[in-house]
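Here is how names work: the chains are called A, B, and so on, in the same order as the sequence lines, proteins then strands, and each is numbered from 1.
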Amino acid sequence: MNILPQLILNSIIAGAIYFLVVLGFNLIYGATKFFNLAHGIMAAIGGYSVFYFSETLGVSIYVAIILGVAFAGFSGFALDKFIYLPLRRRKASNNVLFVASLGAMTSLQAIIAILFSSKFKMFPQNVTTQKLFTIFGGIITQTQLVILVSAVLVMLGLVILLYKTQFGKAVRAISEDEEMARIIGIDTNKIIGYVFFIGSAIAGFTGILVGFDVGIEPNMGLNLLLKGVIASIVGGIGNIYGGVLGAFLLGFVENLGIWKISGEWKDAISFALLIVFLIFRPRGIMNK
Amino acid sequence: MSQSAKRVIGVIVVVAIVVIGYFVLRSPKEVSETTIKIGVVAPLTGDLAFMGEGIRDAILIAKENLGDTKNKYEVIFEDDQLDAKMSASASYKLLSADTVDAFVTFSSVTGNVVAPIAEQNNIVHFGIASDPNVAKGKYNFIHWTPPSEENKVFIAELQRRGIKKLGIFEGNAQGAAAVIADLKEQLKGTGIEIVTDQVFNFGEKDFRTTIAKVKDSEADIYLLLAFSPELEILVKQMKEAGISTPITSIESFELSEQLVLFEGEWYINSADPTADFISKFNAKTGKSPTLGAANAYDIFNLIVAANEKVEGTSKPTSDQVVNELMNITNFSGALGTLSVNEDGIVVSKAAVRMITDGKPVTVAN
């Protein structure tokens, strides 16, 4: 049997997950110009919210998903309001914001572990047999199909939001020059707050999808963020289209890379790709 | 001298008097009784907490069942979540703050971290571990069914079932590596071929490409050596990939709480504990003993037996305890009659088990 279709399918699925992480990460980076390490933990917040609402409170899974996405969004918004915004007002450097985000990530991860234990959890829907589909000779599960469709829809939604609305214009203006955006009357802090909400909500949604596909654990956000950051740097940090390229390139390199060698090399291959780009094209594929 | 400086000196003098007084009043009582402190490093939280709890319960049962002893025994538990970094910090804490006289660890990961620390500090260390390297050195011991014993039973079962092609999925860990290295050696000349051997890292959650690679291997059975949750995720993704080939394991199935995933599959495990231990464990916890619980029970009793055998009234030295441990033969333990071999390994037997109705059932001892 030819395994290539399955490998390509696996690469696309992995790429779609990384892409969803990158999308929110790049959106926030574009507006704030700092590495928000707490972005990954929003994925865990989304995943654990769904687990809590559906498992503990018995809320319908669809309502739990909406609540999970909203909760992650509000968490990101709150981080900006209570940590990043006061620091920005004090003209804190990006290094200070980076360290603050590291602190936020670590403490939120610890809180999740205290509330839910550090034990890996599977959603009940995940344990039962999922519907399987065959595409071009490769097998894909129902959840993975949802991941692929979601990645496309979220991307389309974000492109429409950024390029067809006043809000999008404001976000792009801030991304290009925050000072200038403020001078022309844009309430930059308010817009950045909304950007945090949207970016974090996307991360929360990613965490929920990963939860259905594999499961959830408190440090899931860090693992996702690491791959997201690699994809972001490879594609061009802060660039949404670059994020697409970086995420899928990483997915393909990882999965095709271990075709003929052991799977234990997967992470080494990802980071080798990062190093290659940092040396030869540090601004990524899309940024000049 | 200013007033505030006088106050500071006054406070220091009072604190010094209290501290000295405390130790002076306390010390005679402590000198009169020898307390042997045993530090246990096990996963008490995290994915394998249920195993760490089993080990803790077994040791507490052993302690409660101690008869009259010459020495007093104190057990201090430290959680390492089966994370090597936490194992190291837990053992250093036990060493420096608690001044333990012996270590007990769970897993080859932890055992390999603590073994050199024990050796350097002349502290007796008992690992519940597969990797024979854990027993290297004068002060290190293992109480676990050795890979050679497990593989002997495993190969006999493969032959009995007419299995010729074996596929392997192994987590990148010392224990699994030790089992596979011995298995490859023992398979020579048996006619059983390893058709694929896939290694993956701890924390891996996406096995789909690895699974796609082995689909054409025509293995008659897949041997899975992994911890939770990688084990459960791997099995789930194998099923999703349409693999219906039987799966088996050496120990791993009982490292999971979701035994239902392995329903009807046979595997190799350490031999059943004695009925006496099972009933004691059940009475205390209301559960069946978890993997490693009987070993932990035996280890506590072996350490006690060795310390009690040392003659004299002063506290036994680690060298004296090691000498006594090396001389132990025909010790009646929770895993049968035990002896410590020349490599510091307490040899126990292996058994074939099967998951039936979500529970492990021994099919051949």
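- Proximity to chain B is absent for every atom of A/Ile17, based on heavy atoms less than 4.5 angstrom apart.
- Residues B/Ala212 and A/Leu7 approach most closely at CB-CD2, 4.3 Å, considering heavy atoms.
- The environment of CZ in B/Phe50 is crowded: more than 12 heavy-atom neighbours from other residues, nucleotides or ligands sit within 6.0 Å.
- One distance of note links OG of A/Ser118 with CD of B/Gln81; it measures 4.0 Å at 0.5 Å rounding.
- Looking at B/Thr209, B/Ile211, B/Thr210, B/Asp206 one by one, the single match for side chain to side chain contact (heavy atoms under 4.5 Å, CB included) with A/Asn10 turns out to be B/Thr209.
- The shortest non-hydrogen separation linking B/Lys213 to A/Gly263 is NZ-N, 4.3 Å.
- In this structure the side chain of A/Phe120 reaches within 4.5 angstrom of the side chain of B/Lys205, judged on heavy atoms.
- Of the two parts of A/Glu217, only the side chain, counted from C-beta on, holds a non-hydrogen atom closer than 4.5 Å to a non-hydrogen atom of chain B.
- In this structure, chain A has a heavy atom under 4.5 Å from the side chain of B/Gln237, while its backbone stays farther away.
- Of all heavy-atom pairs between A/Met122 and B/Ile233, the closest is CE-CG1, 3.8 Å.
- Taking 4.5 Å as the limit, some side-chain heavy atom of B/Arg208 sits within range of a side-chain heavy atom of A/Gln144.
- Within the 4.5 angstrom heavy-atom criterion, no atom of A/Ser117 approaches chain B.
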- Check the pair B/Gln198 / A/Glu264 against side chain to side chain contact (heavy atoms under 4.5 Å, CB included), numbers first and verdict last. CA-CA 8 Å; B/Gln198 299 293 329; A/Glu264 64 188 324; over 6 Å; no
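- By the 4.5 Å heavy-atom criterion applied to side chains, B/Glu257 and A/Lys119 are counted as neighbours.
- By the 6.0 Å contact criterion, CZ on A/Phe277 is enclosed, its count of non-hydrogen atoms from other residues, nucleotides or ligands being greater than 12.
- For the pair A/Lys266 (side chain) and B/Glu204 (backbone), a donor-acceptor distance under 3.5 Å is absent.
- With a 4.5 Å cut-off on non-hydrogen atoms, B/Ala49 does not touch chain A at all.
- Between A/Ile139 and B/Lys215, the closest side-chain pair of non-hydrogen atoms falls below 4.5 Å.
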